[in-house]
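One structure is given below, encoded as structure tokens.
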Amino acid sequence: MPELPEVETVRRGLAHFLIGYRFKSAEGLHPRVVKPASLQPLSAVVGAHIKGINRRGKFLWFELDRELALVAHLGMSGQFLVARKDRPAPGHVRAHFELSKGFKKQELLFRDQRTFGWLSVEQLTDGIPQSARHIALDPFDAAFDRSAVIARMKARKAAIKSVILNQEIMSGVGNIYADESLWRAKIHPEIPACELSVKKIGSLVDAAVQVMAEAVEVGGTSFDAMYINVNGESGFFETSLAAYGQEGEPCPRCGRGIRRIAFGNRSSHYCPKCQVRT
DNA sequence: GGAAATGTTTACCG
DNA sequence: CCGGTAAACATTTC
């Protein structure tokens with residue numbers, strides 16, 4: 001379930017287990033796993049040393065000791081698994097990597113049921129891969145400019161929910177955290193952004209940061225040393241969601257039933273009492 | 001059988 | 001050109 005907190009959890013897991021390792025093999029196992037814009041096949045990373053794992057919004061990349069980076073987007077269902085050879089291979093494995101560091105060996109799998117995720121080999125410009133150049137800073141980036149982002153949001157006529165989801169204004173928020181942030185800030189998802197006060201938009205941005213930070217906390221504890229599932233499943237979803245997926249459940253704040261409405265191809269969930277469209 | 005599912009890109013329209 | 005919406009991508013699960 002990859003939004004920023006899940007991708008960050010994956011990033012931490014990969015960094016924890018793989019920094020310092022060198023790629024020994026790299027193999028795509030599905031015709032669409034390598035993004036068409038990739039400069040090279042996955043084999044271009046063989047021999048490269050992993051210096052770091054970086055992230056912007058929901059984009060992830062392996063920083064290597066060469067010009068190129070291995071970039072990944074998890075799409076809707078992508079996962080990285082640091083697997084063990086003595087365990088059975090799971091289904092839907094789209095790419096396979098072998099790594100080593102001295103005597104130590106690791107096996108990395110990229111799994112993706114729905115195949116909206118991808119991998120690519122790209123050039124970095126100012127440390128950012130080509131495919132993420134248009135993605136705005138996420139709120140955990142040291143250079144994130146809160147008031148500039150709020151001002152850009154305020155200038156939009158579109159519904160606030162599509163504005164908070166716009167990865168070119170602020171990155172990282174997906175459908176789940178959008179609904180949770182709007183619920184926390186008590187904002188109806190369909191209000192045009194320009195009709196909200198700067199203060200109200202500020203409270204929404206703060207709510208997004210807060211809810212995502214809480215999710216990262218929970219997600220960061222889920223590693224299993226034996227069969228390392230670096231997919232960011234956190235347990236956060238079942239226990240802590242106030243609005244998303246809670247249609248008909250009582251609002252944790254006021255007890256009113258959470259309502260679900262259509263939003264493009266998916267849904268918005270909100271409390272009809274706390275989040276009024278004025 | 002139908003509906004819905006965490007995301008991004010591209011096409012299209014006004 | 002811009003902003004905004006809708007569809008497309010594929011598969012599984014409820």
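The structure presented is a predicted model; accordingly, all values stated were derived computationally and were not measured. Proteins come first, then strands; the chains are lettered A, B, ... in the order of their sequence lines, and each starts at number 1.
With hydrogens and angles left out, the side-chain atoms of A:Ser100 and A:Arg22 include no donor and acceptor closer than 3.5 Å.
Across C:dA10 and B:dT10, the matching P atoms stand 15 Å from one another, rounded to whole Å. When the P atom is used for both C:dA6 and B:dA4, the distance is 15 Å, rounded to whole Å.
With sequence neighbours left out, A:Ala142 forms a side chain to side chain contact (heavy atoms under 4.5 Å, CB included) with no residue at all.
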Scan the side chains in residues 193-206 of chain A for donor-acceptor partners under 3.5 Å anywhere in the protein, sequence neighbours excluded, and list what turns up.
residue	atom	partner	partner atom	Å
A:Ser197	OG	A:Lys200	N	3.0
A:Lys200	NZ	A:Ala185	O	3.1
A:Ser203	OG	A:Lys200	O	2.7
A:Asp206	OD1	A:Arg146	NE	2.9
A:Asp206	OD1	A:Arg146	NH2	3.4
A:Asp206	OD2	A:Arg146	NH2	3.0

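The stretch residues 145-156 of chain A touches DNA chain C through A:Arg156, each having a heavy atom under 4.0 angstrom from the strand.
For the pair A:Arg12 and A:Glu8, the salt-bridge criterion is met [side-chain N within less than 4.0 Å of a carboxylate O].
A:Arg32 places its CZ atom 15 Å from the C1' atom of B:dT8, with the value rounded to the nearest Å. The distance from atom CG of A:Leu4 to atom P of B:dT8 is 11 Å, rounded to the nearest whole Å.
When DNA chain C is scanned 5' to 3' for any atom under 4.0 Å from a heavy atom of chain A, the first and last hits are C:dG4 to C:dT12.
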DNA chain B in dot-bracket form (Watson-Crick or G-U pairs under 3.5 Å, [ ] crossing, | inter-strand) is .||||.||||||||
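Counting non-hydrogen atoms under 4.0 angstrom, A:Gly174 reaches the backbone sugars and phosphates but no base.
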Using nucleotides 9-14 of chain B, report all nitrogen or oxygen pairs with the protein that are shorter than 3.5 Å.
residue	atom	partner	partner atom	Å
B:dT9	OP2	A:His134	NE2	3.0

